[in-house]
Amino acid sequence: MTVSRRGFLGFTAAALAPIHQAATREAPEPGAPEPGSQAGTAQPGEAQASATQPGEVQPGRVQPGEVQPGVGDRTLYLGTYGDGIGIATYDDAGKITSTGSIAGIPNASFVIRSGNFLYAVNEQDAGAVTAIDISGTPRVLNRQPNKGSGPCHLANVGEYLLSANYGSGDIAVHPIAADGSLGQQTDLVKHAGSAPHAHQVVQAGEYVLAVDLGTDTIYTYILTDGKLALQHQAKVKTGAGPRHLVFHPSGNYVYVADELDSTVTVCAYDAGVLSVLESIPVAEGENYPGEVVISADGRFVYVTNRGHNSIAIFSTDGPHLELVGIPNCGGDWPRHCAFDPTGRLLFVANQKSNNITTFLVDQTTGGLTLTSDSSTPTPVCVNV
């Protein structure tokens with residue numbers, strides 16, 4: 001079975017088979033190949049053919065005087081389906097300029113940065129993770145199979161890289177060497193249930209939290225010597241389909257974007273234990289929340305709405321949310337979003353309309369003003 005989340009027919013809810021059949025995964029755009037198919041993307045474990053060698057920057061894309069890839073704090077790395085990771089820069093107003101791409105990295109649908117290194121998932125049936133050195137001209141260090149299917153999220157926890165496998169419903173662990181390369185897998189933890197779909201993994205102090213859309217559960221682990229040990233489990237509403245979460249800066253609250261019932265669940269948090277407080281609707285009609293982020297001061301929570309094609313803005317005092325705005329996202333299917341380091345700009349990756357929109361954030365009211373619109377192929381992750 002090919003694990004694909006490119007377009008949308010829906011995702012797996014909890015254990016009920018009828019829900020699983022009706023809401024399994026994202027479907028490809030009409031005429032577009034699915035990840036792992038022969039047309040338009042590489043076979044599992046193989047890099048797609050390219051005019052450049054794997055890890056090389058596409059020639060002619062970095063113009064004289066522009067910021068070189070991986071240098072400075074205004075570089076964007078764009079995760080996508082297909083081959084490669086896009087590279088761009090942005091100015092004070094958030095205008096984005098493409099400067100190249102790193103070739104030979106299949107289905108890099110989620111990308112994180114750790115100092116001079118990038119780490120990307122390879123979202124294919126035979127899942128893998130790739131390490132890239134960006135200290136100079138970007139180059140691929142190595143790629144390791146993660147023994148799961150459809151990896152879609154990453155976290156750098158100490159000296160380890162953790163990946164969440166959507167297709168196989170498990171969390172993989174790889175050691176990170178001093179040179180940034182990845183070692184062989186040290187653990188693979190499967191979530192119990194009839195249809196587990198691990199969708200996110202994040203560090204929370206000494207704990208690691210894994211969000212599973214298919215089991216409606218958030219799992220709390222401790223990572224020791226490359227091994228994960230389960231500590232707690234928190235269930236949200238059955239059929240909610242938790243996708244991603246974000247912490248309040250106080251560390252006392254967590255906000256979970258629920259993909260299948262279009263809500264945000266607020267949880268109290270203490271020493272690895274989550275307790276559900278309330279669930280708030282995000283948008284009307286057919287809608288599937290994508291990403292959830294929070295302002296640095298903890299006053300506003302933002303949720304991208306795929307279907308409603310908007311960004312829900314909530315004010316928060318910690319345990320409660322109040323919807324204060326829901327502006328248009330400026331595209332179709334806003335899958336991911338991220339703040340710039342100053343918190344003044346919010347970048348939104350619109351998967352189906354092939355564009356990234358930039359919003360100026362009013363840090364007093366939380367409001368968003370569209371300032372820029374940049375075309376790029378199938379953006380599904382924007383890393384700042």
Does one hydrophobic cluster hold both [X] and [Y], with members joined at side-chain heavy-atom distances below 4.5 Å?
X    : Y    : result
L360 : F300 : no
Y302 : L370 : yes
L209 : I222 : yes
L230 : L162 : yes
L154 : I171 : no

- prompt: Yes or no on side-chain contact (heavy atoms from CB on, under 4.5 Å) for V129 and Y119, after CA distance, side-chain angles and deciding distance?
  reply: CA-CA 7 Å; V129 285; Y119 297 98; over 6 Å; no
Heavy-atom closest pair, residues [X] and [Y]:
X    : Y    : result
A131 : G180 : CB-O, 3.5 Å
T215 : A192 : CG2-O, 3.2 Å
E123 : S109 : OE1-OG, 2.5 Å
V211 : H244 : CG1-N, 4.4 Å

Please determine, by modelled atom types, if [X] and [Y] share a side-chain donor-acceptor pair under 3.5 angstrom.
X    : Y    : result
S262 : N287 : yes
D258 : T265 : yes
T217 : D212 : no

I'd like to check [X] versus [Y] (side-chain heavy atoms, cut-off strictly below 4.5 Å). Are they in contact?
X    : Y    : result
N107 : N122 : no
V361 : R344 : no
L78  : I85  : no
F117 : L141 : yes
T376 : S98  : no
T220 : V273 : no
P334 : I311 : no

task: Output yes when D133 and R139 qualify as a salt bridge under the 4.0 Å nitrogen-oxygen rule, no when they do not.
output: yes
Ignoring hydrogens and geometry, is there a side-chain-to-backbone donor-acceptor pair from [X] to [Y] under 3.5 Å?
X    : Y    : answer
Q200 : L245 : yes
Y160 : G226 : yes
T304 : E291 : yes
N309 : W333 : yes
T371 : A93  : yes
R306 : H308 : no
D362 : T364 : yes
S149 : D125 : yes
H174 : G183 : yes
D187 : L228 : yes

- prompt: Atom CZ of R299 and atom CD of Q363: how far apart are they, to the nearest 0.5 Å?
  reply: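 CD of Q363 is found 9.5 Å from CZ of R299.
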- request: Measure the spacing between CG of L321 and CD1 of I280 and express it to the nearest 0.5 Å.
  value: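 If I round to the nearest 0.5 Å, the distance is 6.0 Å.
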- request: Check the angle between the aromatic planes of H191 and Y221 and answer parallel, tilted or perpendicular using the 30° and 60° thresholds.
  value: parallel
Crowding at [atom1], [X] (>12 non-hydrogen neighbours, <6.0 Å):
X    : atom1 : value
E278 : CD    : yes
D297 : CG    : yes
K95  : NZ    : no
D270 : CG    : no

In a check of side-chain contact (heavy atoms from CB on, under 4.5 Å) between [X] and each of [options], which one passes?
X    : options          : value
S353 : T357, I356, N355 : N355
Y77  : V382, I134, I132 : I134
Y90  : T97, V384, T358  : V384

field: V256 and V292: CA distance, side-chain angles, deciding distance, side-chain contact (heavy atoms from CB on, under 4.5 Å) verdict
entry: CA-CA 7 Å; V256 186; V292 55; over 6 Å; no
- request: Pick out which of Y207, Y255, Y269 makes a ring pair (Phe, Tyr, Trp, His ring centres under 6.0 Å) with F247.
  value: Y269
